[in-house]
Amino acid sequence: MTYNIPAHRRGDTWDGINNISITQNGVPVNLTNASVKMEFRQGIDTPVAMTFSTANSGITITSVSSVRVMPRLIEVPFSTYKYDLQVTYPTGVVKTYISGEWPIIADITE
C-alpha cells in the first residue's frame with residue numbers, strides 16, 4: 001500500500017499518525033510480539049535521516065493489527081523523504097506493508 005504523509009514544516013512538532021491498521025489482502029495482520037520500523041531517506045541509497053520504531057518508542061503497537069506513530073519534533077533538512085513500514089515477526093519473517101513519501105518543508109522562523 002502507498003500512503004504519502006502530508007507535508008510538515010521542519011522544526012515543528014509533528015502530530016504523528018494516531019492509527020495505522022495493517023492488513024494484507026484486506027485481512028488484519030497479527031502483530032503480536034512483532035517489531036515495527038519506519039526509516040526515512042532522501043533516496044534509496046542515501047543515509048537514514050529518521051527512524052521510528054517499537055525499539056525506540058517512536059511506534060507503539062496499539063492492538064493486534066494496529067500501530068501508532070508517536071509525535072516528535074522534526075529537525076531533518078527540508079526535502080521529500082521516502083519511507084516504508086516494515087514488520088519483523090518473532091519467527092524472523094520480515095514484511096513491508098506500507099511505503100510512500102513525506103515532504104518536509106522549510107521553516108522561516110528558527
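Atom set for the values below is all heavy atoms of this structure, side chains included, hydrogens, waters and symmetry mates excluded. Position 1 is the first residue of the sequence; numbering continues from there.
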- [ ] With sequence neighbours left out, write down each residue that passes salt bridge (charged side-chain N to carboxylate O under 4.0 Å, His left out) with Arg68, or none if nothing qualifies.
- [x] none
Task: Hydrophobic cluster identity match, Val69 and Val76, side-chain contacts under 4.5 Å - done: yes
Task: Check against side-chain contact (heavy atoms from CB on, under 4.5 Å), Ile17 and Phe52 - done: CA-CA 11 Å; Ile17 302 172; Phe52 304 132; over 6 Å; no
Task: Ile61 side, atom CD1; Ser35 side, atom OG - distance, nearest 0.5 Å - done: 7.5 Å
Less than 3.5 Å apart, which donor and acceptor atoms pair up between the side chains of residues 78-88 and the rest of the protein, not counting sequence neighbours?
unit_1, atom_1, unit_2, atom_2, d
Ser79, OG, Gln42, NE2, 3.3
Tyr81, OH, Pro77, O, 2.5
Lys82, NZ, Glu101, OE2, 3.0
Tyr83, OH, Tyr3, O, 2.6

- [ ] Taking Arg10 for its side chain and Ile104 for its backbone only, find out whether a donor-acceptor pair lies under 3.5 Å.
- [x] no
TODO: Please test Ile98 against Thr2 for side-chain contact (heavy atoms from CB on, under 4.5 Å), starting from the C-alpha separation and ending with a verdict.
DONE: CA-CA 6 Å; Ile98 302 169; Thr2 299; over 6 Å; no
TODO: Check for a donor-acceptor pair, side chain of Asn56 on one end and backbone N or O of Gly58 on the other, with a separation under 3.5 Å.
DONE: yes
Task: From CA spacing to verdict: side-chain contact (heavy atoms from CB on, under 4.5 Å), Tyr89, Lys95 - done: CA-CA 8 Å; Tyr89 295 95; Lys95 297 280 186 173; 3.9 Å; yes
- [ ] Check whether any side-chain N or O of Arg41 sits under 3.5 Å from a backbone N or O of Ala49 as a donor-acceptor pair, and report yes or no.
- [x] no
Open item on the list: Run the side-chain contact (heavy atoms from CB on, under 4.5 Å) test on Lys37 and Thr51 for me, step by step, so that the C-alpha distance in whole Å, both residues' side-chain angles and the decisive distance to 0.1 Å come before the verdict.
Closed with: CA-CA 7 Å; Lys37 179 167 66 170; Thr51 302; 3.9 Å; yes
- [ ] Determine, using the 4.5 Å side-chain heavy-atom cutoff (strictly less than), whether Met70 and Ile22 are members of one ILVMFWY cluster.
- [x] no
Open item on the list: Is there a path of hydrophobic side-chain contacts, each under 4.5 Å between heavy atoms, that joins Val27 and Met1?
Closed with: no
- [ ] Nearest 0.5 Å please: distance from the CD1 atom of Ile105 over to the CD1 atom of Ile74.
- [x] 12.5 Å
- [ ] Can you sort out the partners of Leu73 under side-chain contact (heavy atoms from CB on, under 4.5 Å), two or more places apart, ordered by chain and number?
- [x] Thr13, Glu75
Open item on the list: Going by side chain to side chain contact (heavy atoms under 4.5 Å, CB included), Val67 matches just one of Asn19, Thr62, Val36. Which one?
Closed with: Val36
Open item on the list: Let me confirm one number: the OG-CD1 distance from Ser66 to Ile20, rounded to the nearest 0.5 Å.
Closed with: 9.0 Å
